[in-house]
Amino acid sequence: MIIELKNTTTREVASELLRARRNVGSASGMVLTLLVVSDEDHRDDALQAARASATAHPSRVIVVTYADGTPQLDAQIQVGEGIPGDMLALTMRGELAEHAGSVLLPLLLPDSPTIVWWPHDAPDHPSQDPVGKLADRRITDAASAADPQEALIARARNHTPGDTDLTWTRLTRWRALLAAALDQYPHTVTGALVRSAPDNAPALLLMAWLEERLGVEVKNEECTQAGVSEVRLTTKTGDIVINRGQSDSIALYNVPGQPERKVALRRRPLTDLLTEELQRMDADDVFEAAVGRILKMKDA
Amino acid sequence: MPHSSNNPLRDPQDRRLPQIAGPCVLVIFGVTGDLSRKKLMPAVYDLANRGMLPPGFGLVGFARRDWQDQDFAKVVHDAVKENSRTPFREEVWEQLLEGIRFVPGTFDSDESFDKLKDTICELDQARGTGGNHAFYLSIPPSSFEVVVSQLKKHGLTEEEQGGWNRVVIEKPFGHDLESAKELNAVVSSLFEPQEVFRIDHYLGKETVQNMLALRFANQMFEPLWNNHYVSHVQITMAEDIGIGGRAGYYDGIGAARDVIQNHLLQLLALTAMEEPTSFEASQLRAEKQKVLAAAHVPGDLSQTTARGQYCAGWQGAQQVKGYLEEDGVDAGSSTETFAAIRVDIDNRRWAGVPFYLRAAKRMPRRVTEVALSFKRAPHLPFTATDTEELGTNALVMRIQPDEGVTLRFGAKVPGTQMEIREVSMDFAYGGSFTESSPEAYERLILDVMLGDAPLFPQQEEVELSWSILDPVLEHWAAQPDQPEPYESGTWGPQNAVDMLARDGFAWRRP
């Protein structure tokens, strides 16, 4: 069921939403409100990703787009249509954009957490933003910025508990493998190296995490392959190496004294990343420590 | 525990990192069986796909087939493609494929077990599986003895430095107390108690684990969870299918041994136990054992138990055969396909609250649930006609299908008159967490590899369960008459209805 409302108010949106839910007879099991802030050019992409994430976490998804013009609110409500929760697309025109908080506040689900996701351009201070202020968790994506590494550093400077960046989520599989390697080969790491494309944001974050956890200096070596391609942890008795080489999906895994093995190490699609992000509602302390380390590395 | 706390890359705060099992070899005996194809192999793949298998994992199949490694790999590949929960990915398969081996042979062949030993040693070297081996006995209990003695004879479980050996067995864990003890003697001749993992796949289900969350993570249910408020508890596991082609297994076993002894008594233990001091295996087990030790089937067993046998009828819009007409079933068989027992628990919390357990085949639909029925309010300030439609409050934990929790309570029917009727408040797992939950076997296989045992019953629980059930089985065996027939596609025989009616209750229609 799709309802279009032009030049409307939040009261009308809320009552139409309630009516739509009654009509399709869906039970309320929604666990969170996801705010997606986008612009007109990227609106369709954002809608698609939000729709995919809503199938993983039944939620009220509110896609916010800003547009020029005289202050006005347009809304589109979708209930049913193969998505487990509600989907609202709100277009805020003109000056209304500055008061997005007042538009959104009555539409948030009671009690349950609110997450805001900026798939493209994010504010400098996510937690100070009118929409960001409403949220418990704020998700940005440095990869979509013109200079991802610079964007990541800026995020690090303005970090507030509850912020995360998808750069971090993209590293989860790498981090899991490295931790598993040290489970299997519990030796003291004396040095580390990350090979990556030049000025790579994930590599910077991975290095910061490794430095933070291992207490050793982590070197960076540039190479021509995209993204992070190799991590090497040096111990007295040999190196632990995980190397993705040219592959998109398979890495070679080496631990001293053991045969080389293949491991699956895939670049994950956006839906996977978002689904992982929505699993935890609390602040990510480990991420906070890692971005804190980035600043120390940069300021040193 | 596999994860040394001194791994600097691990942090309890870092909950994004999955628990990855240590390197090991999983050896499956009876690898050509249904369970292996439909559940075990897909579960192994799903674990790999979720990034929970270690680099350095080997899967060895042992069966009486003239197969090479690649033939077996093909079988695994097909089973995975057909039955896995997560999408098939070539790179994950490639990672698994490197460690797949097959050993052809019979359980009594020394040659085959020598070959098995060589294969495992080769994997330890080539895949770096570190001398860690899990033996999954997906075979009838009658073969346990020969397999276990072969493992011993060929030195397959000699521990290397730092390595472990574990054995996984499936129900039935015996057919009465005595046989359960014999079976245990066989297995424990080679494995230490903490190395034996008895799989009760029900305990791996998310919804069963959610019972612990519901009870112990919330403040509002626990005060009601006792004989002040609960009038009785019904634990049901109904299957809509008959015995299918499993007459050889089922005939002579029956519903009580097949389901009540393990699944239902475990559900009872989780429902009725006191709060464990932690979710460590030993603590959880201690509480389950205490409550099972306090449980018994009371009084005159002809009054507190009921049994039945399905006869021909229509089930699910299809005409179906009666139990006695099933292929391979003795025409005079007195095996029950419907079993119901009343269990009383002698402790302060539950004295006076009967627990009714029923397990049956050819029921109208497939459902497993635990339902707590509450007492009526002591005083109703309404006229009798106002509350005519009002039943009693109930809290239902739906285990499968449609996992979730239902609360039933009275609400006013809109209108000028005060009329109160039962309504349901529903929590559906699928509604709030659509991320598909892992299969029970995924969780359990991972736990075996991690050596994490809270979800596995130990021998003492098995023996306590048999002690509860044995008197009932003996009583039934001593009856000259057949179990009461019930038509397929109905909720069971009259004597089960009478059994509850005597206590002033009625079975819920789940």
Side-chain angles (χ1 to χ4, degrees), chain A residues 26-31 54-58 84-85 168-169 171-173 175-184 186 188-189 209-210 212-215 233 242 247-255 257-266 275-280 282 284-287 289, chain B residues 1-24 48-58 89-99 123-130 132 404 424-436 450:
Chain A
S26 63
S28 167
M30 291 182 289
V31 289
T55 53
H57 297 272
W168 181 239
T169 328
L171 290 172
T172 301
R173 284 286 290 138
R175 298 196 304 118
L177 273 177
L178 289 165
L182 278 193
D183 283 337
Q184 286 175 27
T188 307
V189 177
W209 176 66
L210 287 170
E212 181 69 23
R213 303 302 309 181
L214 298 173
L233 304 180
I242 299 173
S247 169
D248 246 0
S249 54
I250 293 189
L252 295 174
Y253 173 96
N254 273 290
V255 172
Q258 290 186 16
E260 178 174 87
R261 281 158 295 190
K262 284 183 192 167
V263 291
L265 186 61
R266 193 169 53 97
T275 306
E276 180 183 316
E277 276 309 315
L278 297 185
Q279 242 154 27
R280 306 259 178 239
D282 50 345
D284 190 333
D285 301 342
V286 182
F287 174 69
Chain B
M1 285 302 290
H3 298 319
S4 47
S5 52
N6 51 18
N7 181 345
L9 295 184
R10 293 223 179 254
D11 180 338
Q13 291 292 338
D14 196 348
R15 288 178 301 172
R16 289 172 194 261
L17 296 191
Q19 276 197 308
I20 298 183
C24 63
N49 199 4
R50 288 161 66 211
M52 291 177 172
L53 284 191
F57 172 79
R89 295 206 176 95
E90 215 39 68
E91 73 270 14
V92 177
W93 175 247
E94 212 173 301
Q95 176 184 346
L96 265 185
L97 183 63
E98 285 194 329
L123 277 173
D124 281 344
Q125 296 303 319
R127 301 279 298 154
T129 41
N132 299 323
S424 290
M425 190 158 80
D426 251 0
F427 158 69
Y429 250 90
S432 292
F433 308 99
T434 40
E435 193 188 359
S436 67
L450 291 169

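First the proteins, then the strands, lettered A, B, ... as listed; each starts at 1.
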Can you say whether B:R89 sits under 4.5 Å from chain A via the side chain, the backbone, both, or neither, judging by heavy atoms?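 Side chain of B:R89 only, per the 4.5 Å heavy-atom cut-off to chain A.
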Identify which part of B:E98 has an atom lying under 4.5 Å from any heavy atom of chain A, answering side chain, backbone, both or neither.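 When you check distances to chain A, only side chain atoms of B:E98 fall under 4.5 Å.
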Tell me which of these, B:G99, B:A126, B:G404, B:A48, has more heavy-atom pairs under 4.5 Å with chain A than the rest.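 Heavy-atom pair counts peak at B:A126.
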Heavy-atom side-chain contact between A:R261 and A:L252 under 4.5 Å: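 Counting from C-beta outward, A:R261 and A:L252 never come under 4.5 Å.
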Could you check whether any side-chain heavy atom of B:Q95 comes within less than 4.5 Å of a side-chain heavy atom of A:I250, counting everything from C-beta outward?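 The answer is no, as the side chains (C-beta and beyond) never meet within the 4.5 Å cut-off.
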Which one, A:E212, A:R213, A:E260, A:Q258, leads in non-hydrogen pairs under 4.5 Å with chain B?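 Sorted descending by pairs with chain B, the first entry is A:R213.
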Against chain B, work out which of A:V255, A:D282, A:T188, A:V189 has the most heavy-atom pairs shorter than 4.5 Å and name it.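 That would be A:D282.
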Between B:N132 (side chain only) and B:P23 (backbone N and O only), is there a donor and an acceptor less than 3.5 Å apart?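 Yes; judged by distance alone, with no hydrogens or angles, the pair exists.
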What part of A:R173 gets within 4.5 angstrom of chain B, counting heavy atoms only: side chain, backbone, both, or neither?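 For A:R173, side-chain heavy atoms alone lie under 4.5 Å from chain B.
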Interchain contact, A:T169 with chain B, by part (heavy-atom threshold 4.5 Å):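 Answer is both: backbone and side chain atoms of A:T169 are under 4.5 Å from chain B.
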Once the angle between the rings of A:F287 and A:W168 is folded into 0 to 90°, is it parallel (under 30°), tilted (30 to 60°) or perpendicular (over 60°)?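 Geometry flag for A:W168 against A:F287: tilted rings.
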Who are the ring-ring contact (aromatic ring centres under 6.0 Å, His included) partners of B:F57, not counting sequence neighbours?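 B:F57: no ring-ring contact (aromatic ring centres under 6.0 Å, His included) contacts found.
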Listed by chain and number, what are the salt bridge (charged side-chain N to carboxylate O under 4.0 Å, His left out) partners of B:E90, not counting sequence neighbours?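 Counting only residues at least two positions away or on another chain, B:E90 forms no salt bridge (charged side-chain N to carboxylate O under 4.0 Å, His left out).
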